[in-house]
Number of protein chains: 2
Amino acid sequence: MKRPTLEVVAARAGVSKSSVSRVVNGETTVAPEIRDVVMRAVRELGYVPNAAARNLVTRRTDAVAVVVSDPPKGVVSDDPLFSTVVRTVSRELEAVGRRVVLILAESDESRARVERYVAGGHVDGVMLVALHGADPLPAALARMGLPVASFNRTAATDVPYVALDNAGGAELAVRHLLERGRRRIATITGPLDLYEARERLEGYRATLRDTGRRSIVALGDFTRVSGAEGMRQLLEDDPDVDAVFAANDLMAIGALRTLHQAGRRVPEDVAVVGFDDIEAAAYTTPALTSVRSSMADQATATVRLLLALIEGGPRKPVIMPNELVVRESS
Amino acid sequence: MKRPTLEVVAARAGVSKSSVSRVVNGETTVAPEIRDVVMRAVRELGYVPNAAARNLVTRRTDAVAVVVSDPPKGVVSDDPLFSTVVRTVSRELEAVGRRVVLILAESDESRARVERYVAGGHVDGVMLVALHGADPLPAALARMGLPVASFNRTAATDVPYVALDNAGGAELAVRHLLERGRRRIATITGPLDLYEARERLEGYRATLRDTGRRSIVALGDFTRVSGAEGMRQLLEDDPDVDAVFAANDLMAIGALRTLHQAGRRVPEDVAVVGFDDIEAAAYTTPALTSVRSSMADQATATVRLLLALIEGGPRKPVIMPNELVVRESS
DNA sequence: CAGCCGTCAGGGAGCGCTCCCTCACCCTTT
DNA sequence: AAAGGGTGAGGGAGCGCTCCCTGACGGCTG
């Protein structure tokens, strides 16, 4: 299965390697008749340029690494975020003719591998999805001098990122619940080593504080299970709770389940609002009110940011707006 | 940010390029003292071999393409399958030191690109996830002479694949419902251009036929919406239906929602069994009984198959067993 | 002690491509 | 008509690496 080379194509077309190269790369300074004869030869031989040889000299790969840094049972790995982000990113990069090298960095060992890989010149840039604040990878990659864009805010302040207006979203949710006449509004938080989780909690707290109400907080970790557990605890701590703002939809779904089991009606007894507006939110019973953050838009924005960086654009963060999608649960 | 080359390392270590190459590639025919001095130089300079140059001469890339072929709103793109497969595959390949190039082939145009890409020698093999029977990609890739393994059975009979025992799984589900004393057992099918869907339907039919019962069939397409719709139709066609076997969990979830809205109790009035045992199955109300097919295991098996093919192994299919996970819905 | 063989370091060709440079040719301009 | 300029093709170096081949050296054998 020997593939033809530039040289073979050149010989067949009766022109020089240079000319074939020019045609293949779409340069305009080629006479039409040469173009045609080369194109014919290319087609006849089924010529496809060798990627390695090309990379070697041009120093660009047209590939981008998408690094998802997360422990095996972590937050990112959960379906909605992972697949939405990966799919959106892939689509977006495909559209500009770039390839996606997907790397799941689940251990320190694989994180080290990522660094080696990136250093090996396999990719033109890195898109990072590393939600944990303590993750050392963002800083490490930033040091390598290759363009890096993060899907979210990280501890490495020199890595350009895209971020949601988390506090704003939480405020949206809480104000909505207040307007619905709720008095005892609780929250189930995400893991507090994540900016997202902290900011959402802060938005919740600030909004309640502004209206002279007190916070009722249960700690979760963005998983369904922790949402169910958090709700159980809230009901125990404060049986009169009449609304819950869950810091993500997965936890809201867990909370719905607990409420159902506890015999509380939603939204009559307890209103529930989630965050993220994942697809499943529309299919719960009752359908879930949620802060729409559009991870897809955020992912798209991150890709655009990365592409801009690769082209030498400015290293500045992007903040995404969000809105409330009101459904049956509130 | 100029990275050091072999030559620089050699100069620093005071040895030849060949020796450095030998050390870097872990060959054993190197004197320990040379090994040490080279290693030191490598470390001091932060040397990482240039991938392109290496590929160019060795003709291997240590990368594998994972091609997910599916229309934008298709079945595969749905969360559970997509993320489970992608994540499992990535983990498995990472473990053997290979990279994943993820390609979503959502249009004919991008399918053509996949072929060019693969022909360009970017990867050592291709793992294919192309559920649609009519998909031309499997056959096209098979023709290229590169190792290809498919996550599922395809129309291209010369592509080695991994498959579930779909008919067996359906039989498991139906027999379970019969044992529970159900008399009018309906099914909601997947899109019938998929082997999976056809085989599950056939298993359902055969089992009912064997026990002298008749089939009650609604057509679905593996989406939640179609499950809800299919259930609606079944209730209309045959109000006495007392059990439903949905050909996947997503549709079962849709069916649960319809049943809830129609005021039927699950499982008292209507028992529901799904297929796939996705994570969400445990979180529905009531929790869903499902045929556990372990997409993760199937994905792992496919990777193993592909790796074996790359090493020159035999091109034969692998069939996975499955089991029934009984929960509250039946 | 001479000759042989095995071991291991170094030299260098060449993988397929791009891109700089040279040069041929033709069209203008004076 | 000669010189100048512009256009576009061809030649060839070199990207960083691997791997074949050569040759030096030391240890054996006869």
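All figures in this text were calculated on a predicted structure; none of them were measured in a lab. Every chain is numbered from 1 and lettered A, B, ... according to where its sequence line falls, protein lines coming before strand lines.
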* Taking C-beta and beyond as the side chain, do V86(A) and L102(A) meet within less than 4.5 Å on heavy atoms? -> yes

* To do: Report yes if a donor N or O on one partner sits less than 3.5 Å from an acceptor N or O on the other, where the partners are the side chain of S18(B) and the base of dC19(D); otherwise report no.
  => yes

* Backbone N/O of V15(A) and side chain of S19(A): donor-acceptor pair under 3.5 Å -> no

* Value in whole Å for how far the P atom of dG11(D) lies from CG of L6(A) -> 14 Å

* Asked: Does E196(A) pair with R153(A) as a salt bridge, N-O distance under 4.0 Å?
  -> no

* To do: Return the 5'-most residue of the pair T5(B), G14(A) with respect to DNA chain D, ranking by each residue's nearest nucleotide.
  => G14(A)

* To do: Would you indicate whether the side-chain heavy atoms of V162(A) and M127(A) approach each other to under 4.5 Å?
  => no

* Starting from P on dG14(D), measure out to NZ on K17(B) and report it in whole angstrom. => 13 Å

* Neighbours of DNA chain D within residues 47-56 of chain B, by heavy-atom distance under 4.0 Å -> Y47(B), P49(B), N50(B), A53(B), R54(B), L56(B)

* Value in whole Å for how far the P atom of dC19(C) lies from CD of E27(A) -> 8 Å

* Asked: Would you say a side-chain N or O of S19(B) is under 4.0 Å from OP1 or OP2 of dG10(C)?
  -> yes

* Salt bridge or not for R143(B) and D158(B), using N-O below 4.0 Å? -> no

* Structure fact -> From CZ of R22(A) across to P of dT18(C) the rounded distance in Å is 11 Å

* Under 4.0 Å between a side-chain N or O of S21(A) and OP1 or OP2 of dC17(C)? -> no

* Got a sec? Which of residues 28-38 of chain B come in under 4.0 Å of DNA chain C, heavy atoms? -> T29(B), V30(B), A31(B), I34(B)

* Is the phosphate of dG10(C), meaning OP1 or OP2, less than 4.0 Å from a side-chain N or O of S16(B)? -> yes

* State whether R98(B) and E94(B) are salt-bridged, where the test is any N-O pair (Lys NZ or Arg NE/NH1/NH2 against Asp/Glu carboxylate O) under 4.0 Å. => no

* Asked: Do we get R99(A) above Y117(B)'s six-membered ring, with its NZ or CZ under 6.0 Å from the centre and within 45° of the axis?
  -> yes

* Asked: Closer than 4.0 Å, any side-chain N/O of R59(B) to the OP1 or OP2 of dG16(C)?
  -> yes

* **More than 12 heavy atoms of other groups within 6.0 Å of M320(B) CE** => yes

* Is E106(A) paired with R111(A) through a side-chain N to carboxylate O contact shorter than 4.0 Å? -> no

* Asked: Could you state the NE2-P distance from H122(A) to dC17(D), rounded to the nearest angstrom?
  -> 12 Å

* Nearest-Å distance, CD (E7(B)) to P (dG11(C))? -> 10 Å

